[in-house]
Number of protein chains: 2
Amino acid sequence: MDSILAQWRRERPDIDPSPMAVCGEIWRAGERLRQEVLANLVQYSLDFAGFDVLLTLRRQGKGETLSPSALAKDMMLSTSAMTNRLDRLEKRGLVLRASDPLDRRGLKIALTEEGFSLANEIVGSHVRTEENMISALTEIERDQLRSLLAKIR
Amino acid sequence: MDSILAQWRRERPDIDPSPMAVCGEIWRAGERLRQEVLANLVQYSLDFAGFDVLLTLRRQGKGETLSPSALAKDMMLSTSAMTNRLDRLEKRGLVLRASDPLDRRGLKIALTEEGFSLANEIVGSHVRTEENMISALTEIERDQLRSLLAKIR
DNA sequence: AATAATTATTTCGATATCAAATTACTTTAT
DNA sequence: ATAAAGTAATTTGATATCGAAATAATTATT
């Protein structure tokens, strides 16, 4: 990173590249986080796609359901991408599509028993992974970091 | 975010979800950064793919070249993805493929005049965008943020 | 000098995404 | 009631990615 900044200082001495250092650090911390979280998921033969859906459903509570479009909106995804994700999860027996009794256009997505218990297992290891990522930070530093990041943009 | 944490506290009182708050903030700051940077690029009909290549070449200096595999390595991409990116940039007349005089297997990728001046323009607006994202932070806070993020993982 | 191993790039096959089009149904307005 | 507009989910078409295989050229080994 320092060498990249040095290159820019040489090539464009008229530009102060220091924002690149800060933003680059945000960017790369996000990437590292992403890597570790993903590494945890592949142990369960899951990717972010399935993970998002499973945990979103799980945190609604046992037996609660969401429509495909609500899921898509919740995770800022197109509904067609959601169709695709649900296809895969349904094929694996982790979720099921039930027709909405109140609206024959709609579906209600629910976790199966297997999906529920997998989600339960994953949320535990996921939080352990995250705790591990930030274990070098004290409680105060964690709050500092959060409040600094909240000021971005 | 707070409501998501509340859901987890209700569903899994045995788990402390506070790491989610910190990691979620890192995640979302990265997303916001991504959004803004991308919004700047689309003004030039570019995406991250082309942006990465153009700026990587530009910061090597005027007339300098890199091989497709060096570019791929630099941005942690498969060489096949790089072939694709270069195809698009070459079609737009922003880069050109010259054969490596020292190795007939190899290519040297160079910016065209148009690519060079576009890269020059973009690096300016890119840094302005980034400066804007972090404009709420003092110089000291920027350093704090960098050092806190460096401790992640 | 011949052969094997390595390296550079591209092509191919598979997958995930989005946007637009489609089908089916519901709600609103006339 | 009927038509129009809106909404839910899927299908289709296009694109970007990766990994593996193919092609071509170089370097190392015997």
Side-chain angles (χ1 to χ4, degrees), chain A residues 27 30-31 34-35 37-39 41-42 44-54 56-57 64-92 94-110, chain B residues 27 30-31 34-35 37-39 41-42 44-57 60 64-92 94-110:
Chain A
W27 193 280
E31 281 304 304
R34 195 177 178 76
Q35 293 290 315
V37 169
L38 185 58
L41 297 182
V42 296
Y44 303 99
S45 307
L46 226 59
D47 54 12
F48 281 107
F51 169 74
D52 277 348
V53 174
L54 250 52
T56 299
L57 284 169
E64 295 297 316
T65 60
L66 284 175
S67 69
S69 34
L71 284 166
K73 192 175 181 184
D74 194 283
M75 46 197 83
M76 312 216 298
L77 216 63
S78 66
T79 53
S80 51
M82 187 53 61
T83 295
N84 191 331
R85 291 186 177 193
L86 293 174
D87 283 349
R88 278 174 281 148
L89 291 171
E90 193 180 34
K91 232 171 257 166
R92 257 185 82 181
L94 299 175
V95 307
L96 53 84
R97 288 169 158 106
S99 57
D100 184 339
L102 301 174
D103 185 339
R104 278 192 294 172
R105 291 171 306 183
L107 295 177
K108 290 296 185 184
I109 308 299
Chain B
W27 194 280
E31 281 304 305
R34 196 176 178 77
Q35 294 289 316
V37 169
L38 184 59
L41 297 182
V42 296
Y44 304 99
S45 307
L46 266 178
D47 54 11
F48 280 108
F51 169 75
D52 276 349
V53 175
L54 251 51
L55 265 67
T56 299
L57 284 168
Q60 310 301 315
E64 294 297 316
T65 60
L66 285 176
S67 68
S69 35
L71 283 166
K73 191 175 181 183
D74 195 283
M75 45 197 85
M76 313 216 296
L77 214 62
S78 67
T79 54
S80 49
M82 187 53 62
T83 295
N84 191 332
R85 289 186 177 193
L86 294 174
D87 283 349
R88 277 174 282 151
L89 290 171
E90 194 179 34
K91 232 170 257 166
R92 256 185 83 181
L94 299 175
V95 307
L96 53 85
R97 288 170 158 105
S99 57
D100 184 339
L102 301 174
D103 184 339
R104 277 192 295 171
R105 291 170 307 182
L107 295 177
K108 290 297 184 184
I109 307 299

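First the proteins, then the strands, lettered A, B, ... as listed; each starts at 1.
Between A:Arg97 and D:dA8, a side-chain N or O to OP1/OP2 separation shorter than 4.0 Å is absent. Taking side-chain N and O atoms only, B:Arg88 has no distance below 4.0 Å to OP1 or OP2 of D:dA14.
Under the salt bridge (charged side-chain N to carboxylate O under 4.0 Å, His left out) criterion, A:Arg97 pairs with A:Asp87, A:Glu90, sequence neighbours left out. Residues that satisfy the salt bridge (charged side-chain N to carboxylate O under 4.0 Å, His left out) test with A:Asp100, not counting sequence neighbours, are absent from this structure.
The distance from atom CG of B:Leu86 to atom P of C:dT10 is 7 Å, rounded to the nearest whole Å. Atoms CG (A:Asp47) and P (D:dT17) sit 18 Å apart, rounded to a whole Å. Atom CG of B:Asp87 and atom C1' of D:dT17 are 14 Å apart (whole Å). The separation between B:Leu46 atom CG and D:dA16 atom P is 12 Å, rounded to whole Å. In this structure, the NZ atom of B:Lys108 is 16 Å from the P atom of C:dT7, given to the nearest Å.
The shortest non-hydrogen separation linking A:Met82 to A:Leu77 is CE-CD2, 4.0 Å. Scanning all heavy atoms of the two residues, the minimum distance from B:Phe51 to B:Leu41 falls at CD1-CD2, 3.3 Å. Contact detail for A:Ile109 and A:Ser67: the closest heavy-atom pair is CG1-C, 4.4 Å. Smallest separation of non-hydrogen atoms from B:Ala72 and B:Ser78: CB-O, 4.0 Å. The heavy-atom pair separating A:Ser99 from A:Leu107 by the smallest distance is CA-CD2, 4.1 Å. The minimum heavy-atom distance linking A:Leu66 with A:Thr56 is given by the pair CD1-CG2, 3.9 Å.
A distance of 10.0 Å separates CG in B:Asn84 from CG in B:Leu89, rounded to the nearest 0.5 Å. The line from CZ of B:Arg34 to CD of B:Glu31 is 6.5 Å long, rounded to the nearest 0.5 Å.
Residues from residues 76-85 of chain B placing a heavy atom under 4.0 Å of any atom in DNA chain D, listed by number, are B:Leu77, B:Ser78, B:Ser80, B:Ala81, B:Asn84, B:Arg85. Against DNA chain D, the stretch residues 100-107 of chain A makes heavy-atom approaches under 4.0 Å through A:Arg105, A:Gly106, A:Leu107. Taken residue by residue, residues 68-75 of chain A places heavy atoms nearer than 4.0 Å to DNA chain D at A:Pro68, A:Ser69.
Recorded end-axis angle for the helix from C:dA1-D:dT30 to C:dT30-D:dA1 stands at 0°, based on five pairs per end and rounded to 10 degrees.
Contact of the B:Met75 side chain with the B:Val53 side chain is registered, since non-hydrogen atoms from C-beta on lie closer than 4.5 Å. Counting heavy atoms from C-beta on, the side chains of A:Arg92 and A:Leu46 come closer than 4.5 Å. Counting heavy atoms from C-beta on, the side chains of A:Asp52 and A:Arg85 come closer than 4.5 Å.
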